[in-house]
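So the structure is just underneath, and the comments pick up after that.
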Amino acid sequence: MLVPWRGFWNPRSKAPGQEEERHVKANDRDYNERFTYADNHIKTAKYTFYTFLPINLFEQFQRFANAYFLVLLILQLIPEISSLSWFTTIVPLVLVLTITAVKDATDDYFRHKSDQQVNTRQSQVLIKGKIQKEKWMNVRVGDIIKLENNQFVAADVLLLSSSEPYGLCYIETAELDGETNLKVRQALTVTSDLGADVAKLADFNGEVVCEPPNNKLDKFIGTLYWKDNKYSLDNEKMLLRGCMLRNTEWCFGMVIFAGLQTKLMQNCGRTKFKRTSIDRLMNTLVLWIFGFLICMGIILAIGNTIWEQRVGRNFWAYLLWDELLSSAVFSGFLTFWSYIIILNTVVPISLYVSVEVLRLGHSYFINWDRKMYYSRKDTPAEARTTTLNEELGQVEFIFSDKTGTLTQNIMVFSKCSINGNTYGDVYDEFGHKVDITEKTPCVDFSFNPLMDRKFRFHDSSLVEAIKLEEPLVQEFFRLLALCHTVMPEERSEGQSWPLVYQAQSPDEGALVTAARNFGFVFRARTPETITLYEMGQPVTYQLLAILDFNNVRKRMSVIVRNPKGQLKLYSKGADTIIFDRLEPANEELMYTTSEHLNEFAGEGLRTLALAYKDLDEDMFDEWMKKLLFASAALENREERLGALYEEVEQGLMLLGATAIEDKLQEGVPETISCLTLANIKIWVLTGDKLETAMNIGYSCNMLRDDMNEVFIISSHTMLEVQQELKERFSSSQDVGKTDMYASDSVFEETIIAECALIINGHSLAHALEADLEQILLDVACLCKTVICCRVTPLQKAQVVELVKRHKRAVTLAIGDGANDVSMIKTAHIGVGISGQEGMQAVLASDYSFAQFRYLQRLLLVHGRWSYHRMCNFLCYFFYKNFAFTLVHFWFGFLCGFSAQTVYDQWFITLFNIVYTSLPVLAMGVFDQDVNEQYSLRYPNLYRPGQLNLLFNKRKFFTCTLQGVCTSFILFFIPYGAFLCAVRDDGSHISDQQSFAVTIATSLVIVVSVQIGLDTNYWTAVNHFFIWGSLAVYFAILFAMNSDGIFRIFPSQFPFVGTARNALNQKSVWLVILLTTVVCIMPVVAMRFLKTDLHPTQTDKVRLLQQATRRQGPQEQNLRRVRRTSSRRSAYAFAHQQGYGELITSGKNMKVHTSSTSAVPSSSPGRTHSINCNTLRSHTTCSSFQHYNLGHCMF
Amino acid sequence: MASGYNAKEEDGHRAGAAGPGESASRSRKPDNTAFKQQRLPAWQPILTAGTVLPAFFIIGLIFIPIGIGLYVTSNNIREFEIDYTGTDPSSPCYNCSQTYSWNSTTLCTCTLTFSLNQPFEGNVFMYYGLSNFYQNHRRYVKSRDDSQLNGDLSSLKSPSKECEPYHTNEKPIAPCGAIANSMFNDTLELFYIDPNETRTPIPLMKKGIAWWTDKHVKFRNPGGSNANLTAVFQGTTKPVNWRKPVYELDSDPENNGFINEDLIVWMRTAALPTFRKLYRIIQKKNNMTPTLPRGNYTLEVTYNYPVHSFEGRKRMILSTISWMGGKNPFLGIAYMTVGSICFVLGVVLLFIHHKYGNRNNSSDIPS
């Protein structure tokens, strides 16, 4: 299937010297080879087996930290300044490099595999007059290839001919732009005449001259020269790589762009590498540490200069200096470098690798979480990037798409009003309304063999009305079955429900399906007829005209002649529009219906009014003539048609209204309210209309009746927008102020609590301009809810960018479609809803899961834990390294600033990577301050992450200061004790090696106790690692101090016997104990005081958690959000211009019924949107180039 | 955007061709293990008053007795220290210290008298102490060749580069390096002066002053224990400052060459610029008489070791020991101080906790 290329590849296409125009001749490889066009071989892998080592090492040493350690290594090779053996640096460095290299190699291996898989796909190429099987990678520019149904297109291909009439062919571009509907491509008439005639095709020698490769998916300009004729080519004749051929048995095409020059690959820009704020902070801190290191080096170097002058020169009797070194200043200079080497461990070499390991671990936990697994789609959550986890714990703004993200994009026919009666509510025996749940019994539609089993309806009175053959009810459903642009598709035999509808919008599908289940089955259509099965009887209506939807009309009508010869006009549309065009006699019904509509809208349903009219034969004939004349007109065609439609849609008879539920995804309101409690602001950015968006806002509980104000900004000019925004700003502040006086609550919170801002795309375009964006942001941030509707993908990204730029807050964008890609890529964290058909959003995202409600868990549980773990980890890491390293600094004052190390060199080598790495990693992977239930139950535990409280510069100072103090204690307590210490057998112990072992042992114990204190959640692994590290320390210590290893390498292990001789002394253990207690007790006291006097939220919850654990598990009462809304929702009908024209022209109809088995059962109908698509492409496609596709797939 | 109508979507799945998950028969549902679901059983300690306060009291109550014990023990140790550097003109060693240098050929001796006010019982250890001597200087510390000292014959003939500039003196130096070169070579002798003015030399044990591991593992003579040292060291030369070659350090073959204990003790470099090193052991005679009775003593110093140039000091120390080593008041005082602080801190914390502490549970957690 498709293979996402995550990762980076360099567009190699810049090499062929700025191609200005492309000349491709069909069936002429020799000619085409002159131009060195890219072949169809794809290479996204970075390395080959042989180049891996040099290239990877080169890349790794480009990283600052690695380069730094390389420089250190080189410094260590200079004997004059080498204060440490080379292995102290090279062992950790090699380890770090190896881990990274292994990771890179695995990544590259998978890229190789997917390259291989794509390159070896089979395609049929016309070579030397015969169709031969070839691998994809062997396809060349200019080749003619044959594609079959449900195959991916191998390269960018000019369509020559197809199995369908008029050279049409259908493609699905979900992998390219995420749109799941089918698109039509049509070949030139001259080439479609070639048909499947191989001989003719082989003779085809047209030459295409076209634009050079580019990344514009919706544009292609070229010319075909053939047989002395010129034919212009556009995008409608191109099949792009990545598309899939649908509903077309076969087609032939000529390869124009291949391989890396295809539009798909050209769109695979380098993925922007996202960094977390902690990453950036870490880099700053590392730079600070460098500064600190250099300062220490300078202090010690100056000390050395002074010492050499005062003391050292007198010491020559024992230690002759070289001539070169005899200058004190020069000696100081060398000492500087020596100290840089010794103290380099304050910059933790393993920091970056450890952080990566942690994040990888956290990502796996996300992937493994069963509570984020959606069984219906078999989709687990997936962390697609492993570098952003802790940022999930800091999110302040969520930008959410609506369709497919908050809603399921499933429309359900839920209620209707027919002739003044409502249907759809369920009442119990006492006449009380019953809430509809999963368990409510459904109406049995078994009387209807053609029913759709998925359809659910709970009110049986409607079925009874149908069975009683009430004429208006019948007319109601007849209208629903006739007035639409849905295409039916009969599945092959043996299927349990053979009839499938292809609807342009889900609303339409829902209505037609409702009619189907109530016995008015829409069965088939031709350009002139519509066939229904009315209560089992086939009835064929003559379709005379389709008066299609558009944004202005907000209604659609059909004019049909029924078998009795009556002319009827059926109309459905927005209630206000329909009500304006009713017969005056309908007034009473109109009021009743209007009330029902209010009721429906209050429940957040999408409503639609239905009406019909009997037409007079003569009048219709005349009208029809005018219509034909108008549709042939060249000027003002639209307006003239509109006027004609208006003319006939008058004096309608009201039938009733429908109410469709735009089904929210499960748990959306609960999730939103929980996230709101966590102080996360949720902005909805949708391409939908204002009314729809508001409806969803109400049903998600984002908008509520008790809100003080809902600002709606929908002006069209800059000035108006400015005016409105300013007004809103001042009024929202007023609201806040009055409230402040009314209650004692905090100023800002009060403001946020009560307002909502709804802004549409036009206004947003103005508001996003430089002068207004600040005020927009101010207003938006004062409001609790922000909804932007009718926004283009680019605007979505701009809004995200705006917040990112002006608020120093972490943003998260969540969406499911290609139009969300831009914002997903712009936001700090992008989340894709997976399990949908389009892969685009998921491929661009950093995290993906199947349901919006999992966001709650991702942020409040995983994000919070990740952040907590990462912060604790970093604090401890810096602490540990300072405590470890600065001992050398103190020692410098007592060893003549000579850069003598305190510890054994092996200890320095192993301290970070062996003795102390695993406990802190275990803490960083497993720690849980508060368990998941409490994380979710108390969403404001999320607050510290947003405020950046757990790791910031201040925290860094605290923990480094703690490290400095620890190092001070670690050095000076043994110093005091060793000043005049001797062993209990009288021999000396105050030698350097015993001193080193004592301090090292104290250090290891102190940092182990400290990690113990930092660990909140001691799993078996933590125990194992902490105790294990201590054990390993002693084991290695004794091993390195053993006789055996000394005998083998006498010069490498000079510490022979030291451990034995030092650690059997009681006084040494007393020193270690004292040091440990003095280092740890102040920390314990501080922490205790902090939690006792100023407990944080987390502390309180932890206490509670412990208390409840003692009491045993309690029944948890989960928060349930009740939606109450009595708001009158406006007209909400997400319908665009249909393709009535295509239907009546018959272009998209099959001449023969689909008897061939080549049409797969799963393929969507061929008559998917065509017009709507071109319409939509104005919004979607034109902005497409702004957000480049980061991930390619085939 | 998925604008497909729901029926199609679901049908598509049922048909089984298009759904991405359908082709794989195995479900992608994550395993339900405690590890993967982050439900590993765990101990979750919290710092509460119930744990922290007792800890402080217990530490206080343990540390104070230890401190007192250490302090008393340390105070019971007899220690006598005498500085014989001779910087003061009145000092008997003044002459030696002024005139002596590494190159002088004549021996300079001086005699110091002192008296012990209390008898020293048990084994008495005699140390020499040096001050302001940077045995921990990096270039000094690394200036040695452990392979050579371990009896490696090739290192004997070509010492490590680390030994520069005491690496070769026409012939390879054995033992090489600055440490060995600057070996302490004063000779200290102790005499007891009876009340009737007779001088009794006190027997000084020169063996058993080094660590067993150093003597038997780290330091070995080249050519094994029974080799003729003179022959083995043929082709090497003595360190520049030494008077005699390494194989003439002692007449006892068990204490000669690289395994001479004075050399071994010296080679174990001190951590701090002021240090003491074990020089001799005065073994107790019997339980009845003290090893060093009260009275007057003389210390005869053969003054070979110049410290004048770097303002160093030389001391002779006599000390008895206890279970915890030599006299060391620091640990005792430190333990008592830390113990008291912990105890007081415990009291203070208890007070704070009672007065201001947070003892509520869930009541004020906003959800």
Side-chain angles (χ1 to χ4, degrees), chain A residues 180-181 314-315 317-320 365 368 370 373 378 380 404 409-410 503 506 509 817 836-837 894-896 898-900 938 976-977 981-984 986-988 990-992 995 1017-1019 1043 1050-1051 1054 1056-1057 1061 1066-1067 1074 1085 1087-1088 1092-1093 1095 1100 1102 1104 1106-1107 1161-1162 1164, chain B residues 1-6 8 12 15 17-18 21 27-30 36 38 40 42-44 46-47 52 125 134 136-138 140-141 146-147 150 165 178 182 211 213 217-218 268-272 275 277-278 309-310 321 323-326 328 330-331 334 345 353 356-358 361-362 365 367:
Chain A
T180 50
N181 43 22
N314 303 322
F315 203 60
Y318 299 100
L319 187 55
L320 278 177
F365 280 132
W368 285 334
R370 279 164 81 92
Y373 166 81
D378 190 28
N409 206 22
I410 293 178
Q836 311 275 342
E837 289 192 21
L894 291 166
C895 70
S898 59
Q900 172 60 32
Y938 298 106
V982 294
R983 283 161 58 88
D984 58 3
S987 58
H988 56 186
S990 60
D991 67 293
Q992 231 186 341
F995 194 60
Y1017 194 79
W1018 287 69
T1019 62
D1043 307 350
S1051 47
V1056 56
N1061 284 300
K1066 296 171 201 80
S1067 56
L1074 182 69
R1087 291 199 180 173
F1088 170 70
D1092 203 41
L1093 297 181
K1100 289 182 191 169
R1102 293 194 71 203
L1104 174 70
Q1106 202 186 38
S1161 49
S1162 68
Chain B
M1 233 192 251
S3 69
Y5 163 58
N6 60 343
K8 179 194 73 181
S27 162
R28 292 159 69 204
K29 186 167 191 170
K36 288 190 174 181
Q38 306 196 61
L40 287 177
W43 174 52
Q44 301 174 46
I46 309 183
L47 291 183
V52 172
F125 296 85
Y134 284 82
N136 59 4
H137 194 283
R138 177 167 61 90
Y140 185 84
V141 169
D146 281 318
S147 318
N150 194 34
S182 60
W211 290 2
T213 46
V217 181
K218 195 170 181 184
R268 185 156 281 278
T269 55
L272 304 167
F275 56 89
K277 282 178 186 288
L278 187 56
S309 62
F310 57 92
I321 56 162
W323 58 272
M324 51 153 288
N328 193 355
F330 174 85
L331 265 186
L345 209 57
H353 176 66
Y356 309 103
N358 171 280
N361 276 339
S362 59
I365 307 174
S367 56

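As the structure is a prediction and not an experimental result, all values here were calculated from the model. All chains are named by letter (A, B, ...) in the order of the sequence lines, taking the proteins before the strands, and each is independently numbered beginning at 1.
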Below 30° counts as parallel, above 60° as perpendicular, anything between as tilted: where do the rings of Phe1088(A) and His353(B) land?
tilted
Contacting region of Leu345(B) [heavy-atom separation from chain A under 4.5 Å]:
side chain
Side chains of Arg983(A) and Trp211(B): does their closest heavy-atom pair fall under 4.5 Å?
yes
At their closest point, which heavy atom of Asn328(B) faces which heavy atom of Gly976(A), and how far apart are they?
OD1-O, 4.3 Å
I'd like to verify something: which residue of Asp984(A), Asp1043(A), Asp991(A) has the highest number of heavy-atom pairs under 4.5 Å with chain B?
Asp991(A)
To check you understand the geometry: which heavy-atom pair defines the closest contact between Lys218(B) and Pro1054(A), and what is its length?
NZ-O, 2.8 Å
With a 4.5 Å heavy-atom cut-off, do Leu1074(A) and Leu331(B) have their side chains touching?
yes
Contact class of Tyr373(A) relative to chain B, heavy atoms under 4.5 angstrom
side chain
Flag the pair His988(A) / Lys277(B) as yes when at least one side-chain heavy-atom distance between them is below 4.5 Å, and no otherwise.
yes
Which distance, rounded to the nearest 0.5 Å, do you find between the CH2 of Trp1018(A) and the CD of Gln44(B)?
13.0 Å
For residues Pro1050(A) and Asn150(B), report the shortest heavy-atom separation together with the two atoms involved.
CB-ND2, 4.0 Å
Testing the basics here: between Ile46(B) and Arg1102(A), what is the closest heavy-atom pair and its distance to 0.1 Å?
CD1-O, 3.5 Å
Among Gln992(A), Arg1087(A), Arg370(A), who wins on heavy-atom pairs under 4.5 Å with chain B?
Arg370(A)
Under 4.5 Å, counting heavy-atom pairs only, tell me which of Ser1051(A), Gly1057(A), Ala977(A) racks up the most with chain B.
Ala977(A)
Under the criterion side chain to side chain contact (heavy atoms under 4.5 Å, CB included), which of Val141(B), Leu272(B), Asn136(B) is the partner of Cys895(A)?
Asn136(B)
Is there a donor-acceptor pair closer than 3.5 Å between any side-chain N or O of Asp378(A) and the backbone N or O of Arg28(B)?
yes
Identify the heavy atoms of Gly896(A) and Tyr134(B) that sit nearest to each other, and give their distance.
N-CE2, 3.5 Å
For Gln38(B) and Tyr1017(A), work out which heavy atoms get closest and say how close.
O-OH, 4.1 Å
With only heavy atoms counted, which part of Val52(B) is less than 4.5 Å from chain A, the side chain, the backbone, both or neither?
side chain
Can a side-chain donor-acceptor contact be found between Asn1061(A) and Thr213(B) if the only test is distance below 3.5 angstrom?
yes
